[in-house]
Amino acid sequence: MGEPLLDVRDLRVYFPVFKGFVQRLLGGGEAVVHAVDGVSFSIEEGEVFGLVGESGCGKSTIAKTLVGLVRPTSGKILFRGEDVTGMDRQTLFRLRERIQMVHQDAHAALSPAMTIGEAIADVFRAHGIISEAGERVPVHSDVLLRKAVRGVLSDVGLRPPEFFYDKYPDELSGGQKQRVVAARVLALRPRIIVADEPVAMLDMSIRARMLEFLLELKERHKLTYLFITHDLATAKFMCDRIAIMYLGRIVEMGPSDTIYADPKHPYTRALLQAIPIPDPERRRERVLPRGEVPNAVWPPLGCRFHPRCPAALATCGWEGRDFVTFLEERWLSPETAQAETDIGPVERWQADGLVASREAGDADPAVLSERVRKMLSDERGPMAQAIESVHPEADSVVVRFQPPDALEVKTVSGRLVECLLY
Amino acid sequence: MTPLLHTKSLSVAFETPDGVVHAVQDVNLTIQAGTTVGLVGESGSGKSTLGRAILRLLPENAKVTGSVFFDGKDLAALSAKAMRDLRGRNIAMIFQDPMTRLDPLMRIRDQFIETIRAHDPTVEAKEAGQRALKVLADVRVPSDRMGMYPHELSGGMRQRIMIAMCLLFNPALLIADEPTTALDVILEAQILELLQAIMGRYNMAVLLITHNLGLVAEFADRVAVMYAGHIAEEGATVPLFREPFHPYTQGLLRSVIDLDTEALYSIPGSPPTLLGATVGCPFYPRCEKRMDVCKTVYPEPRPVGEDRRAVACYLY
Amino acid sequence: MIGLPIGLLSGFVGGRLDRILVLVMDSIYAFPGLLLAIAVAAIIGRGVLNVSFAIAVVYIPTYFRVIRNHVASVKQEPYVEAAVALGMSKRRVIGRYVLPNVAQSIPVIFSVNAADSVLTEAGLTFLGLGLPPGIPDWGFDISLNWQRFDSAWWATFYPGLFILILTTALTFVGEGLNDILNPLLRKKAYKAAAET
Amino acid sequence: MAGSTASLRAYVITRVALMFPMLFLLVTFTFILLRVVPGDPITAIFREGTPPEVIDRIKTQLGLYDPLYIQYFRYLRDVFTGNMGTSILTQRPVLQDISYYMPATIELTLSSMVVAAVLGIGIGTFAGTRRDRLPDLGARLYGSLAYNIPIFWFGLILKLIFAVWLRWLPVSGRFSPRLSAPPTVTGLYTIDSLLAGDLRAFVDAISHLILPSLTLGIVLSGFFVRITRVNVIHAMGSDYVEAARARGIQERNVFFRHALKNALVPVITTMGLTFALLFSGAILTETVFSFEGMGRYVFQAISYRDYPAIQGAVVYYGILMVIISLCIDILNAFVDPRIRY
């Protein structure tokens with residue numbers, strides 16, 4: 001195979017968070033959303049590569065970065081070995097003829113003030129028509145333009161094309177609009193199509209038709225897909241290889257068959273377990289991750305999944321705020337609610353990096369830290385094991401964590417996994 | 001035994017500038033106390049309208065006919081005040097998209113207190129706060145969230161709070177309208193697990209409105225499949241999934257994409273608009289087993305098979 | 001009318017330029033419109049053209065505001081993003097994707113503003129700063145007659161009534177245009193009702 | 001988990017801090033408007049036939065021959081020390097004039113705002129809850145008519161009916177000459193008379209205020225009717241209102257606590273802009289009712305080309321507007337917790 005068609009190396013995309021004027025004056029560091037935080041993958045010619053994850057994991061940001069809508073903060077994007085990261089206007093323009101995107105919401109992706117024919121003709125006007133010799137030539141005649149538009153319309157199955165030419169997007173059904181969007185993209189003869197949740201907005205009974213259509217286009221035009229979805233079942237059917245993303249990082253990547261047959265990363269397992277199965281005779285017990293996806297402005301230390309991970313180790317990256325969350329959870333179950341009176345209200349605890357602390361106030365810090373220690377002695381969880389020390393310090397009780405082990409991407413039975421378990 | 005809820009020829013029509021939209025037509029649905037009924041349908045099938053029609057929450061341009069019996073009482077005959085008192089106390093409802101369902105200008109605590117005092121004005125604010133804390137603990141929401149505004153909370157947290165508000169009066173029926181559609185798959189599973197736990201503890205019946213067949217399979221005791229305002233098929237979950245009778249149910253189950261899918265299937269055509277009066281079976285144009293009679297006369301649901309499932313189709 | 005291109009530019013480009021323009025325009029807008037018109041009129045004197053200019057200055061920020069906000073929201077639409085992703089030039093994106101979708105609101109603001117300008121003009125003339133006495137004008141009629149309105153009230157009553165009729169008519173034209181140009185609005189409302 | 005009160009405080013500080021660049025911009029804009037726009041104000045002040053050397057002398061006196069940037073800095077200094085020069089017409093310092101006329105205008109605009117808000121929000125709410133029915137149509141018609149009425153004409157009509165024909169209220173002025181004005185504390189006659197415990201003076205001040213503020217208030221209420229109506233309709237159809245109903249909240253509370261409160265947030269936002277409209281209207285209203293306020297002052301200043309007075313008035317109007325918009329923003333943040341971030 002040689003060189004991959006698309007090679008993404010250590011891509012990072014950070015977005016600034018809008019802060020108040022005063023907050024900016026007072027400083028406190030620049031807050032950024034770590035939307036994509038060090039992602040590497042490559043796509044071979046002709047394959048369907050899936051990017052799977054929950055909302056906010058950064059998969060759509062990657063899509064936008066690839067088609068040049070968002071500038072990467074750092075990292076490289078190589079198309080056929082050629083670096084297209086810097087992208088001056090001309091390269092970007094040419095790149096767009098090779099990497100194109102199909103939006104999730106076909107209705108919104110079409111300007112309501114333009115007919116279908118116009119929408120596609122506009123692409124030809126900007127990029128030229130492909131001549132019979134395969135060259136891109138500027139459009140000079142309206143007749144040729146119309147012919148080209150009719151060509152792509154019937155190519156995507158909107159027949160007869162004349163019928164659709166003068167229609168406005170509002171007059172078409174959801175599936176038809178998806179086809180128009182595809183036709184518009186195909187007018188550019190791209191090599192790679194980034195499909196961002198192409199069926200999420202469609203009803204179940206017609207979803208399959210769209211997927212079949214995408215596969216058929218792929219065959220006919222020898223396309224390569226980057227298929228972005230939150231739906232593991234669709235990804236399993238569509239993709240040759242998949243990457244599972246969580247909070248801006250790829251946690252597991254490899255051939256679909258391998259990953260679905262035996263998921264290695266605890267997050268992948270959790271995702272697969274969480275899918276409801278439409279078979280009432282196969283109801284099952286499952287272990288779900290705790291809590292919700294944390295804020296990408298302050299991603300957790302170490303492995304980002306560790307605070308929710310059912311298989312976490314003491315070395316996964318436990319830190320001060322995990323202790324505060326732990327106190328909150330203890331308080332919620334009736335057997336352990338006692339903790340609140342013992343070590344003070346949860347709200348009083350502050351977390352800062354590897355440290356959680358509480359000002360003792362009227363209480364004696366030494367007594368308090370003794371209580372914390374006692375409470376932790378019953379705890380068997382990895383969080384408790386990660387605590388290095390609990391001791392009084394001036395007027396406060398301080399809980400200190402050991403630093404996490406370095407996280408590396410490892411090859412585990414035929415796929416890449418980023419997890420300390422392996 | 002009288003069922004907890006029973007709708008009898010319930011129909012809803014909306015007057016719109018383009019004509020009358022028949023969103024729900026002649027629906028007979030029964031929910032027994034303590035059970036879960038899944039109401040499945042695609043967008044525009046009228047499933048959400050049905051849920052709102054039960055609680056009389058529809059806008060003014062909706063014309064509702066037929067009756068809804070709850071605990072043997074006809075809800076349509078209730079006064080506005082009695083109906084209001086029933087909402088939240090006897091029948092509670094949670095919605096899709098928890099992000100927009102809480103008043104953005106009011107602290108969580110105040111929304112709880114308001115709800116409690118709406119049904120029991122004698123309760124002091126402080127006591128109401130205590131009761132709120134109790135149900136919040138039931139849905140595993142930390143107490144400090146009480147003092148926050150909705151925009152400070154995550155989607156999962158807000159849906160938990162919505163559920164907690166439903167628990168305040170231990171209602172006999174909970175209408176859950178796509179309660180997890182706006183949430184990610186793990187959160188969805190968490191919320192469903194929570195609902196299941198709470199159902200048992202509070203002995204609630206649930207009407208689960210969803211487009212997700214997987215949810216229904218995992219969660220519901222009985223299933224009603226809705227298409228174009230009609231209930232196409234209704235029966236116990238296990239036999240219905242094992243052997244669907246109605247061609248639409250068959251098609252819908254076949255078109256689900258799950259981890260075992262090897263070949264794709266989709267129902268030909270697209271769902272009809274509900275504008276104007278319809279004759280015959282609404283699924284007729286898309287049906288692979290259609291007959292001439294289907295075109296002109298609507299097939300009244302009749303009991304079919306060993307489990308005496310209600311199926312609206314001439315094939316049986 | 002100057003407000004249109006500035007608004008388009010500001011809304012589309014965004015960023016720092018946008019913030020500065022908004023600040024400047026807001027400062028103008030914060031000024032009582034009539035006062036501004038008076039100041040301009042006082043400096044440049046009377047006359048049809050001058051009055052038009054004075055009134056025009058006052059309405060730049062209004063146009064700017066409406067257009068900018070509209071453009072800023074249209075810019076967020078996926079179809080604009082899609083056009084950018086398709087490699088359309090900036091000019092093309094603004095001209096063929098943003099403008100036609102913003103343009104719908106222009107006649108509406110125009111007719112509403114027309115009503116407003118009639119009132120401003122009448123006010124200016126009433127204060128003696130508008131059109132020169134030779135030109136027939138309802139505001140002038142009123143200012144001419146208002147000192148003795150207790151004896152001859154009709155002389156002020158009818159010109160005012162006509163202004164009212166004219167401005168109200170202009171507003172209704174604006175609202176009518178809005179209804180015609182935004183049929184989507186009603187359709188969406190019905191769809192929402194049918195789908196819930 | 002920062003406390004909401006803390007964030008409110010931070011927001012207020014931010015807004016106050018932002019006020020200064022805005023003020024600066026505004027003052028600069030006034031300067032540009034008055035100096036750079038074609039036409040020579042000084043020449044305009046004096047009637048034709050004034051000897052050129054007289055004009056020259058005055059121009060030198062006023063420093064109009066200095067380079068623009070020097071003029072600009074001198075102007076900035078003057079603005080911030082409050083020294084706006086002497087009015088050509090009244091021969092009093094402009095600042096003194098303004099501090100005499102401004103309270104009258106504030107009194108008028110505030111009372112008009114109350115009239116407009118009460119009428120507008122009331123009718124708008126009424127219409128919004130009865131969408132597309134007869135009361136709604138009536139209210140919409142009222143909104144359009146009120147908003148489009150020529151204000152000076154409407155003032156005249158009111159004056160004709162209530163002051164001239166019915167003789168219920170005084171025809172013009174701010175206060176009856178036969179009474180002595182209350183001692184100046186705030187400059188607002190109504191408040192001053194109350195502070196002085198002079199009930200007759202209070203009644204008199206109020207009766208002078210009624211017609212002008214009704215005129216201005218009713219015209220402005222048209223604007224409020226429109227935006228209130230739209231926002232009430234929007235809020236009544238919102239998800240949280242439906243959810244509140246589903247919880248069994250009384251319809252009254254659904255409306256007042258949830259729908260109305262949310263509907264008023266955008267109304268408050270636009271209130272700031274409305275003040276600009278209000279001041280425009282005040283000029284005309286004060287003229288019609290011979291109400292001794294800023295509007296009258298500016299009108300006269302312009303009629304007599306009283307250049308320092310115009311400049312002073314414009315600057316102080318601007319400052320007032322900035323302060324008002326600040327107040328509105330803070331009020332908005334107080335109501336809507338989402339704004340504080």
Side-chain angles (χ1 to χ4, degrees), chain A residues 53-57 173-176 199 201-212 215 230-234 236-238 260 267 270-284 286 288-293 295 308 325 327-329 331-334 337 340 345-347, chain B residues 40 42-45 136-137 140-144 154-157 180 182-190 192-193 211-221 223 236-242 248 251-271 286:
Chain A
E54 296 177 283
S55 54
C57 72
S173 73
Q176 286 169 332
V199 294
M201 309 276 286
L202 298 176
D203 265 329
M204 190 56 77
S205 72
I206 52 176
R207 225 172 246 198
R209 213 181 300 161
M210 187 66 207
L211 293 175
E212 271 167 350
L215 289 175
H230 68 276
D231 180 9
L232 280 141
T234 313
K236 186 185 179 203
F237 185 84
M238 290 290 289
Y260 282 96
Y267 177 63
L271 275 182
L272 282 168
Q273 276 192 4
I275 304 178
I277 296 177
D279 184 349
E281 289 163 273
R282 273 172 48 198
R283 292 185 190 176
R284 69 227 139 120
R286 53 193 164 196
L288 287 172
R290 295 179 293 268
E292 293 178 46
V293 183
N295 191 332
R308 309 175 66 197
T325 318
L327 291 182
E328 264 176 9
E329 274 173 18
W331 183 80
L332 278 174
S333 40
E340 169 146 20
V346 180
E347 297 91 64
Chain B
V40 217
E42 298 180 275
S43 60
S45 61
L136 275 182
R140 303 190 61 76
V141 170
S143 58
D144 64 328
S154 66
M157 223 25 117
T180 58
L183 304 174
D184 277 318
V185 56
I186 290 179
L187 270 181
E188 173 173 73
Q190 283 176 352
L192 283 172
E193 212 162 68
H211 66 275
N212 189 332
L213 285 160
L215 290 191
V216 174
E218 296 216 341
F219 200 68
D221 304 311
V223 187
T237 309
V238 175
L240 190 141
F241 271 81
R242 191 183 292 158
Y248 174 66
L252 195 63
L253 277 171
R254 263 182 83 191
S255 57
V256 170
I257 301 165
D258 64 12
L259 291 173
D260 304 320
T261 299
E262 271 152 22
L264 294 173
Y265 173 81
S266 46
I267 304 176
S270 46
R286 302 175 77 184

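Numbers restart at 1 for each chain; the letters A, B, ... are given by sequence-line order, proteins then strands. Below, all heavy atoms of this structure are taken into account, side chains as well, without hydrogens, waters or symmetry copies.
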What part of [X] gets closer than 4.5 Å to chain A, counting heavy atoms only: side chain, backbone, both or neither?
X	result
B/Val223	neither
B/Ala236	neither
B/Phe219	backbone
B/Arg254	neither

Side chain, backbone, both or neither of [X] within contact of chain B (heavy atoms, under 4.5 Å):
X	result
A/Ser55	both
A/Glu54	both
A/Arg290	backbone

Under 3.5 Å: donor-acceptor pair, side chain of [X], backbone of [Y]:
X	Y	result
B/Glu42	B/His211	no
A/Tyr260	A/Leu232	yes
A/Arg209	B/Ile267	yes

I need the residue from A/Pro278, A/Gly56, A/Gly174 with the largest number of non-hydrogen atom pairs under 4.5 Å to chain B.
A/Pro278
Taking every non-hydrogen pair under 4.5 Å, which of B/Arg286, B/Gln190, B/Glu262, B/Glu193 racks up the most with chain A?
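The candidate making the most pairs under 4.5 Å is B/Gln190.
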